[in-house]
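Working notes for the structure below.
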Amino acid sequence: MLALFCVIPLAGCGIGTGATVAANVVTLTTIHRTVPDAVVSLISGRNCSMVRLDEQKSYCVPKYVPPPPPPYCTQTLGDPECWADPAKLPDHAPQIAEGPYKLTTPAQIASAEGRWP
């Protein structure tokens, strides 16, 4: 009986159209993209979705571009001084905070530069 009530609204549209709409509704609610979006994403290797357009973003997620290196900051008697190019330092004073400035593990690199999904 429940199946009959679900099919009745689709009678005027034709079963093919109803199945397409149903497939798009299911994929939109589960993977946040329509069936054509999923096909475009698989072909391009990028995450593409109509939902992104609704959020005022580009259709596809832009390719990963590594961020520029952070400034090299050293401690002085007053405020810290930051240098864009550490080679131009008058002396090689130690940096205030040191840490990883790039992707360090293969898993991080694969996640950032890999293809969708």
Side-chain angles (χ1 to χ4, degrees):
M1 188 71 170
L2 180 61
L4 182 61
F5 284 113
C6 291
V7 174
I8 289 174
L10 301 177
C13 300
I15 299 298
T17 306
T20 303
V21 169
N24 280 326
V25 167
V26 168
T27 58
L28 193 59
T29 56
T30 55
I31 62 172
H32 301 289
R33 61 187 49 80
T34 62
V35 173
D37 293 339
V39 171
V40 170
S41 296
L42 285 173
I43 291 171
S44 68
R46 297 169 63 191
N47 184 1
C48 302
S49 174
M50 294 296 287
V51 174
R52 290 183 50 80
L53 290 177
D54 190 44
E55 296 171 348
Q56 307 299 323
K57 298 178 183 176
S58 64
Y59 179 63
C60 293
V61 173
K63 294 215 179 244
Y64 174 74
V65 177
Y72 188 91
C73 297
T74 59
Q75 186 64 49
T76 62
L77 291 175
D79 294 328
E81 284 191 39
C82 294
W83 307 79
D85 186 10
K88 294 182 180 179
L89 284 170
D91 58 353
H92 289 283
Q95 191 170 5
I96 293 174
E98 294 186 18
Y101 296 121
K102 60 182 180 177
L103 302 176
T104 55
T105 65
Q108 289 175 332
I109 295 169
S111 175
E113 297 174 355
R115 290 179 51 90
W116 181 89

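Note that this is a predicted model, so its numbers are computed, not measured. We count residues from 1, following the sequence as given.
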To check you understand the geometry: which heavy-atom pair defines the closest contact between [X] and [Y], and what is its length?
| X | Y | result |
| --- | --- | --- |
| R52 | P62 | NH2-CD, 4.0 Å |
| T29 | V26 | OG1-O, 3.0 Å |
| V35 | T27 | N-OG1, 3.6 Å |

Find the distance between CD (E55) and OG (S49) and round it off to the nearest 0.5 Å.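 E55 CD to S49 OG: 7.5 Å, rounded to 0.5 Å.
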Find out whether P36 and N24 are in side-chain contact, i.e. whether some heavy atom of one side chain is under 4.5 Å from a heavy atom of the other.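 In short, these two side chains touch, coming nearer than 4.5 Å.
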Apart from V39 itself, what residues make up its hydrophobic cluster, given side-chain heavy atom links below 4.5 Å?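 Hydrophobic cluster check, V39: joined to I43.
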Which residues end up grouped with Y59 if you chain together Ile, Leu, Val, Met, Phe, Trp and Tyr wherever their side-chain heavy atoms are less than 4.5 Å apart?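 Joined to Y59, directly or through intermediates: V40, M50, L53.
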Exam field: side chain S41 to backbone N47, donor-acceptor pair closer than 3.5 Å: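 Looks like no, no N/O pair under 3.5 Å.
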Within the distance-only criterion (no hydrogens, no angle test), does the side chain of R33 pair as donor or acceptor with the backbone N or O of I31 below 3.5 angstrom?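 Yes: the side chain of R33 pairs with the backbone of I31.
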Below 3.5 Å, can you tabulate the donor-acceptor pairs from side chains in residues 73-80 to any protein atom, sequence neighbours excluded?
{"unit_1": "Q75", "atom_1": "NE2", "unit_2": "G78", "atom_2": "O", "d": "3.4"}
{"unit_1": "T76", "atom_1": "OG1", "unit_2": "G78", "atom_2": "N", "d": "3.4"}
{"unit_1": "T76", "atom_1": "OG1", "unit_2": "D79", "atom_2": "O", "d": "2.4"}

